[in-house]
Amino acid sequence: MMSEEIRFSCPLDCPNSCAMLAVVNDGIITEVKGDRKHPDTRGLICLKGKQHLYRLYHRDRLLSPRKKLHDKWVNISYEEALGEIAEKLVSIKQKYGSQAVLHYYDYGYCGMSKTVDQLFFNYYGGATVHTGGLCHQAGLKAQEYDMGTSRAHHPADLINSGVIIVWGRNPADTSVHFARYLNQTKKKGVKIYLIDPLCTNTAKMANEHIAIKPGTDGVLALGMARIIIEENLADIEFIKNCTLGFTEFADKLKLFTPEYVESVTGITPVKVRELAVTYAANKPAAICLGYGVQRYSNGGNNIRAIDALGAITGNIGISGGGVNYTDTQLGSLIGSEFEKSLKFAANRRAFTKARFADFVLNADNPPVKMLFVTRANPLVQLPDVNKTIKAFENISFKVTVDMFMTDTARHSDLVLPATSIFEEEDLFNSGDYVNYSHKVIKPLNGIIGEYGLFQILAQKVGLSSYPLMERNVFFQNELRQLLKKYNLNLAQLKENYFVRNKEEIPWKERAFETPSGKYEFYSEKAAQDGISPLPVYIPVHHGSDNYPLRLLTPHYKGSLHSQNFAFTDEKPVAHINMKTLAKYKINIGEFARVSSENGEIKVRIEPDEKIPDDTIMIYQGWWHKSGSVNCLIPDAVSDMGELAAYFECFCRIE
Ligand SMILES: Nc1nc2c(c(=O)[nH]1)N[C@H]1C(S)=C(S)[C@@H](COP(=O)(O)OP(=O)(O)OC[C@H]3O[C@@H](n4cnc5c(=O)[nH]c(N)nc54)[C@H](O)[C@@H]3O)O[C@H]1N2
Ligand SMILES: Nc1nc2c(c(=O)[nH]1)N[C@H]1C(S)=C(S)[C@@H](COP(=O)(O)OP(=O)(O)OC[C@H]3O[C@@H](n4cnc5c(=O)[nH]c(N)nc54)[C@H](O)[C@@H]3O)O[C@H]1N2
Ligand SMILES: [Mo]
């Protein structure tokens, strides 16, 4: 028997991209495990990583193109499938223009080779594509106003911090390596606070959990800023030399007394003061921001208010500090082929991603005639799923590329199978490192991965400029700037582990990428965009008599979004505390109905004392066969960056 271990990378949309090994026996993968030799991920992988093998050989996996014929799915050949898609693409463009095709994509798979879907639609002439997003776009925009872009310290630098605030992030469940660094730092005696409405698994890693009322982080941050300035704990030198608009910012803080902060956030004046003083007096202090803070109508401003804490205390640009959100530095060095393709996309049209359904239902000139979905499961992950189903029904021809018959695939007309991570060679950017992933086995049943698929389609449609290059040439071109900066060639990148310098401190030179080159408390750019130039608190929404309960739908440890909910038919689990259950006369062990203005689902009740009063927590990702939690969620959008404000959802339980 031939047995070998082959290196590959986790392809999932999380900040980790764990390096992994596939154990192959006679052409069959029998085991996957962490790659201990990787300098950053060091052999540790999570539940979702272990599931790749299960997904690879699962009996429900799509292994052939399929077409819906009189409501039945039949397998068809690639020749027929791609022929029909090409014919539609040509005729729709002739009749309505290329924007009549809507390309919906996300990051269900994060390898570089599968970004060719975007290239394809650019060479097609430009399709209708999204702006904004479902993930972290409010925070990105906020940090763009403040600093020019988002940069984060390597998590190994946490060890140099004097105190750490984990703010609206749940790394214990969503980022195992970040959690590992956090644990190490705690062992060294560094104090860690967690600010989160829910007492998550990350609370166990913190010294103290501060339960804030949802959507009120802006008030807490502005209240902390007031105390820091009053107590002369601000870094006057940093403020003077490196920032813009401090006086205007400080003038607006009068309202945010500790008592006012308590009335909004539920955090006592003593605690607010302790947080402010501990953060300011234990320099360097790190804030580690998650995406939970910004999934609100006021999400962008909340992030700007938190950023300001880093700036008034001079905790930006120093080891152990930072307002760490996400890092865009490596990413900005990748994508030359995409840049090139944009020249061909003259007819691109944009829609706000979270408002997909409204856009499709109202699009005119031209209407949406075709939908092409790649790397995404919008019928589960978009807000307002019922409206999204109607929007789907409004589009006469829909194609989805996926590994499984997801709800999105089911509501399409034609489905193409996607290769899994083991079946193609690829490269992954985690933010802190780039992982090379070998092709481990041949694609099952000869299925064609997206790299090849779009080349065939380009030829069938007659896109003569579409790059028909070898995959390696594509990698080489895409990575040109990165290879140059780090003085590497592609072969070296593939053979070795590439990790960005852990000692590199973001904004060390204090040369911010804002128009003024300074940290901008006052952003003229924000004013030009029609929003407040200073971070402000936009009052959070509250429930009504009809829908009094706040619904939070965070990310589940055992699944990347909807992906592993494929394997359950159970009803969604609603986590609620006993007091709230009693208030609404719900018995333990019962099923209940949760409804909102947008829809309803049947749930199984799980009493959970870690959930605050008048709140329901249901993990996001459940498929329609279980009950789609996003059918409860309105398509609200954040104040900045056009982000889906998922946590702005109120419901009742019966
Ligand atoms: N209620 C609520 N909803 C949310 C969120 C929330 O917090 N609450 N979070 C939001 C966030 S942060 C995000 S990022 C979005 C994510 O939204 P999506 O990215 O749409 O979510 P996934 O469920 O990961 O869907 C990805 C799909 O890609 C498929 N796939 C895997 N590999 C490949 C491949 O190689 N090619 C192709 N074509 N497909 C492949 C998977 O099988 C899966 O069906 O969801 C958002 N939705
Ligand atoms: N296992 C697993 N890992 C994942 C993912 C997954 O689906 N599953 N998804 C990946 C993706 S695409 C993303 S975007 C990341 C997301 O990673 P995280 O940012 O860690 O996760 P979220 O679920 O968005 O929310 C984080 C926390 O914010 C809290 N929160 C909610 N409202 C508020 C608020 O008003 N204030 C404060 N302070 N906190 C609040 C929530 O209770 C939650 O614990 O995870 C990535 N990793
Ligand atoms: Mo995300």
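Just so you know, ligand 1 is whichever comes first in the structure, and atom 1 is the first atom listed for that ligand. Basis for what follows: all heavy atoms, side chains included, without hydrogens, waters or symmetry-related copies.
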**Request:** Examine S175 against ligand 2 and note whether any of their N/O atoms are separated by less than 3.5 Å.
**Result:** no
**Request:** Please say whether G168 places an N or O atom under 3.5 Å from an N or O atom belonging to ligand 2.
**Result:** yes
**Message:** We want to know whether D639 and N298 form a side-chain donor-acceptor pair, criterion being a heavy-atom distance below 3.5 angstrom.
**Reply:** no
**Prompt:** Hey, is T419 one of the residues with a heavy atom under 4.0 angstrom from ligand 1?
**Reply:** yes
**Asked** What part of Y107, side chain, backbone, both or neither, has a heavy atom within less than 4.0 angstrom of ligand 2?
**Response** neither
**Item:** Approximate separation, where rounding is to 0.5 Å, of Y296 OH and I303 CD1
**Value:** 11.5 Å
**Item:** Nearest neighbour in protein (non-hydrogen) for atom 33 (C) of ligand 1
**Value:** Y109 CB, 3.6 Å
**Request:** May I ask you to check whether T406 has an N/O atom sitting below 3.5 Å from an N/O atom of ligand 1?
**Result:** no
**Asked** How about Y291 and Y325: are their ring centres within less than 6.0 Å of each other?
**Response** yes
**Message:** Please report whether ligand 1 has a polar contact with T374, defined as an N or O pair separated by less than 3.5 Å (distance criterion only).
**Reply:** no
**Message:** Under 4.0 Å, counting heavy atoms only: does Y296 come that close to any atom of ligand 2?
**Reply:** yes
**Prompt:** Hey, does V401 come in under 3.5 Å of ligand 1, counting only N/O atoms on both sides?
**Reply:** yes
**Asked** With a 3.5 Å cut-off and no angle check, do the side chains of H58 and R61 form a donor-acceptor pair?
**Response** no
**Fill in**
A student checking ligand 2 against D173 at a 4.0 Å heavy-atom cut-off should list atoms 1 (N), 2 (C), 3 (N)
**Prompt:** Can you say whether the rings of F565 and W622 are parallel (under 30°), tilted (30 to 60°) or perpendicular (over 60°)?
**Reply:** tilted
**Asked** With no hydrogens and no angle check, do the side chains of N183 and K186 hold a donor and an acceptor under 3.5 Å apart?
**Response** no
**Message:** For atom 1 (N) of ligand 1, what's the nearest protein heavy-atom neighbour? Residue, atom name and distance, please.
**Reply:** N630 OD1, 2.7 Å
**Prompt:** Should K191 and I164 count as side-chain neighbours, where that means a heavy-atom distance under 4.5 Å?
**Reply:** no
**Prompt:** Parallel, tilted or perpendicular: which describes the rings of F474 and Y451, with under 30° parallel and over 60° perpendicular?
**Reply:** tilted
**Complete:** Among N377, D402, I421, the residue with a heavy atom nearest to atom 44 (O) of ligand 1 is D402
**Item:** Test item: side-chain donor near acceptor, N16 and Y433, under 3.5 Å
**Value:** no
**Element-labelled atoms of ligand 2 that are located less than 4.0 Å from some non-hydrogen atom of L198** = 42 (O)
**Complete:** To atom 8 (N) of ligand 2, the nearest of S559, A179, P15 on a heavy-atom basis is S559
**Asked** Between the candidates Q381, Q137, R295, which shows the shortest non-hydrogen contact distance to atom 45 (O) of ligand 1?
**Response** Q381
**Message:** Which option wins on minimum heavy-atom distance to atom 36 (N) of ligand 1: K114, E450, H555, R375?
**Reply:** E450
**Prompt:** Counting only heavy atoms, which portion of C46 has something under 4.0 Å from ligand 2: side chain, backbone, both, or neither?
**Reply:** neither
**Message:** Whether the D613 and N577 side chains hold a donor-acceptor pair (N or O, under 3.5 Å, no angle test) is what I'd like checked.
**Reply:** yes
**Request:** Using a 4.0 Å heavy-atom threshold (strictly under), name the region of H136 that reaches ligand 2: side chain, backbone, both or neither.
**Result:** neither
